[in-house]
Amino acid sequence: MTEKIVRTRFAPSPTGPLHIGGVRSALFSWLLARHHGGKFVLRIEDTDQKRFVEGSIDLITDALSWLGIDYDEGPGKDGGYGPYIQSERLPLYQKWAQWLLDNDKAYRCFCTSERLEQVNKEKEARKEPPGYDRFCRNLSKDEIEKNLAEGKPHVIRLKAPLEGQTIGHDLIRGEVIFDNHTIQDAVLLKSDGYPTYHLAHVIDDHFMEISHVTRANEWLPSLPLHLLLWEAFGWEKPLYAHLPVLLNPNGKGKLSKRHSGFSEDGKKVLVLAKEFKDAGYLPEAVVNFLCNIGWNFGDEREIFDIQEAIERFDIGAVNPANSAFPIEKLDWINGIYMREKLSANELAKRLRPILEEAGLEVNVDRLLKITPLVQTRLKVLTDVVAMAGFFFHETFTPPTVEMLIPKKLDKDGTRKLLEASHKHYLAIAEPEFLTPALMNIGTTLVSDLGLNNSQVFGVLRVAVTGQSISTPTFETMEILGKSESLKRIQIAIDLLK
RNA sequence: GGCCCCAUCGUCUAGCGGUCAGGACAUCACCCUUUCAAGGUGAAUACACGAGUUCGAAUCUCGUUGGGGUCACCA
């Protein structure tokens, strides 16, 4: 077992955009494979025709690639174990379902969904747990032949043992014991000829030689069923690891797609991988953030790059407890990446497409100048538009009068301040129109006028940028240049007349 | 309801029989300061409860409570 190559897989259903919980599962699976120098496989589980959503596969692969979670085998990337889309493997499932039938491990069930509903209703009335009553389990050969001859639709069900126990081993929580009588005669092959997840994953994981099955915790209750299946086939079982579930930020209920776009305490709850991208988070920050949920790097470090995570990752050390989604930590981590892990040039590269998407024409030289100014101020990339978008506007949008007048100063006082500023700045020679000199004049104005820094610098900021939150005043003026800065100060003066 | 899983600051976590129960985010205060940030310093806050086992339990056992998951011809 130890010398066996580690092969893990991420097996999403193409039912829509990739969810952040799915990303987490994929990430841990990927980390496990990379840690052992093994292979990571992407398999598409599209056995439910009704839930298939066109374009989902691209959405899934796009999200994984944005995050840097690369797969060695998968759709369009054959590694000798394909096809990697379950709907293309139907004959295989049917063949092995037949094998189970032939070996008395499964049986045909002709019950209609109406009857199944009826059975459950009756059970509920008797306060019994719901479940199939095994009506078809002991059908005689003649009855089966008769039903078949009549062309009655049917499914194939597992013949689960009625007594005894099934013991599972989970890498994260150890031994898990189930009484066999609680295990259902689950449907393995549906009447449309498609397998259910139960059958499909066992067959695929066997033939794809998956060594570790990592999946979300909601699968733990069906683990015994899967174990029974492995035993029925007589195949060597993979190791299982059930990852803890991501709960909503308030800890109530699992984080689900239903909550996409919903807000909680006035904060939007992001749940789709794409939403994180659109919101301006860096992929490396998202990955780092996700690593810290349920797993601990050690050394009391929370910031680390993906290579370091691969080196240390240990699936057995994953915390078995579910966790509330600590979304507020993402802002912090994202900030660290933007100001400490990225150089100004790299940050500028990421900022450019965002400004362009906002409809701004980006002058690269100017962008390079303002990037250092916004670097410590951005929470997410998209903040740059509001904070520094004015640098790229064709026309200047002047502030309102209210924005211009600071606390403890009236209209006249503000205008006088601006007039004095205009006079001083006009006197500076063009080549000296640089931050230190501008700052100097600023402080001179403060003492001359008997005001404080905040008032003087604040008024200038608003006058020059047209907004009250912006890049620092004097650096901004330097970038804007002498004539543009003076022009804007004059506009403000006129506004106050 | 049955079954299964889980339980350390508000949150993410470290801890695996002897620790002043550590770190981080968030919060608050102070410093720095041209708005906003960033940075610095400091504060406050946790072993769900009850029985055992033990010289000694956050750590082991059982129970209670609480939370979560799951009981489909969905995955």
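Every chain is numbered from 1, with letters handed out A, B, ... down the list of sequences.
- Legend: residues meeting salt bridge (charged side-chain N to carboxylate O under 4.0 Å, His left out) with Arg157(A), ordered by chain and number and at least two apart, are absent.
- Here rU27(B) sits opposite rA43(B) as a Watson-Crick or G-U wobble pair (both hydrogen-bonding atom distances under 3.5 Å).
- Residues satisfying the ring-ring contact (aromatic ring centres under 6.0 Å, His included) criterion with Phe52(A), sequence neighbours excluded, are absent altogether.
- Annotation: salt bridge (charged side-chain N to carboxylate O under 4.0 Å, His left out) contacts of Glu419(A) (sequence neighbours excluded): Arg415(A).
- Between Glu475(A) and Lys369(A) there is no salt bridge, since no side-chain nitrogen of the basic residue lies less than 4.0 Å from a carboxylate oxygen of the acidic one.
- As a whole-Å value, the separation of Asn217(A) CG from rC4(B) P is 14 Å.
- For Gln184(A), there are no side chain to side chain donor-acceptor pair (under 3.5 Å) partners at least two apart in sequence or on another chain.
- Comparing rG66(B) with rA29(B), their C1' atoms sit 35 Å apart, to the nearest whole Å.
- Looking at residues two or more places apart in sequence or on another chain, you find no ring-ring contact (aromatic ring centres under 6.0 Å, His included) involving Trp332(A).
- Taking atom P on both nucleotides, rG22(B) is separated from rU54(B) by 30 Å, rounded to a whole Å.
- Pairing for rG52(B) goes to rC60(B), judged as Watson-Crick or G-U wobble with the two contacts each under 3.5 Å.
- Panel note: side chain Gln94(A), backbone Gly193(A); a donor-acceptor pair is recorded below 3.5 Å.
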Its contact letters, B for base, S for sugar-phosphate only and - for none at protein heavy atoms under 4.0 Å, make nucleotides 8-13 of chain B read ---SBS

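- Distance CG (Asp331(A)) to C1' (rU27(B)): 15 Å, rounded to an integer number of Å.
- Across all strands, Phe178(A) comes closer than 4.0 Å only to sugar-phosphate atoms, never to a base (heavy-atom distances).
- One P atom belongs to rC16(B), the other to rC30(B), and the distance between them is 39 Å to the nearest Å.
- Remark: rC3(B) base-pairs with rG69(B); criterion is Watson-Crick or G-U wobble with both hydrogen-bond distances under 3.5 Å.
- A cation-pi geometry, defined here as NZ or CZ lying under 6.0 Å from the six-membered ring centre and within 45° of its normal, holds between Arg24(A) and Phe28(A).
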Given protein heavy atoms under 4.0 Å, the one-letter contact record of nucleotides 34-44 of chain B, with B base, S sugar-phosphate only and - none, is simply BBBBSS-----

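- Nucleotide rG15(B) holds its C1' atom 10 Å from the CD atom of Glu300(A), rounded to whole Å.
- In this structure, rA37(B) forms no base pair with any nucleotide, since neither Watson-Crick nor G-U wobble geometry is met with both distances under 3.5 Å.
- For residues 436-448 of chain A, the set of pairs meeting the side-chain hydrogen bond (donor to acceptor under 3.5 Å, both in side chains) definition, not counting sequence neighbours, is empty.
- A salt bridge links Glu218(A) with Lys254(A): the closest approach of a Lys/Arg side-chain nitrogen to an acidic carboxylate oxygen falls below 4.0 angstrom.
- As rounded to the nearest Å, rC28(B) and rG63(B) have C1' atoms that lie 41 Å from one another.
- Between Tyr71(A) and Tyr84(A), the distance from one ring center to the other does not fall under 6.0 angstrom.
- Atom pair Leu225(A):CG and rC4(B):P shows a separation of 16 Å (rounding to whole Å applied).
- Taking the P atom of each, rU59(B) and rG18(B) are spaced 11 Å apart, rounded to whole Å.
- Taking the P atoms as reference points, rU35(B) lies 41 Å from rA21(B), given to the whole Å.
- Contact check on Glu484(A) versus Arg488(A) returns a salt bridge, with a Lys/Arg side-chain nitrogen under 4.0 Å from an Asp/Glu carboxylate oxygen.
- For Pro161(A), the side-chain contact (heavy atoms from CB on, under 4.5 Å) partners at least two apart in sequence or on another chain are Asn180(A), Leu228(A).
- Partners of Glu122(A) under the side chain to side chain donor-acceptor pair (under 3.5 Å) rule, at least two apart in sequence or in another chain, are Gln118(A).
- Counting to the nearest Å, the P atom of rA14(B) and the CZ atom of Arg312(A) are 14 Å from each other.
- Comparing the P positions of rA7(B) and rU13(B) gives a spacing of 11 Å, expressed to the nearest Å.
- For the pair Arg43(A) and Phe10(A), the cation-pi test (distance below 6.0 Å, angle within 45°) is failed.
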Taking N or O atoms only and anything under 3.5 Å, show me the protein contacts with nucleotides 48-50 of chain B, one pair per line.
none

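- The CG atom of Asn248(A) sits 15 Å away from the P atom of rG67(B) (whole-angstrom rounding).
- Rounded to whole Å, the P atom of rA57(B) lies 43 Å from the corresponding atom of rG39(B).
- Per the geometry, NE2 belonging to His169(A) stands 17 Å off C1' belonging to rC5(B), to the nearest Å.
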Readout for nucleotides 70-75 of chain B: B = base within 4.0 Å of protein heavy atom, S = sugar-phosphate only, - = neither; 5' to 3' it is S--BBB

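- One distance of note links CE of Met477(A) with CD1 of Ile428(A); it measures 7.5 Å at 0.5 Å rounding.
- Counting non-hydrogen atoms under 4.0 angstrom, Gly298(A) reaches nothing in the nucleic acid.
- The separation between Asp299(A) atom CG and rG15(B) atom P is 12 Å, rounded to whole Å.
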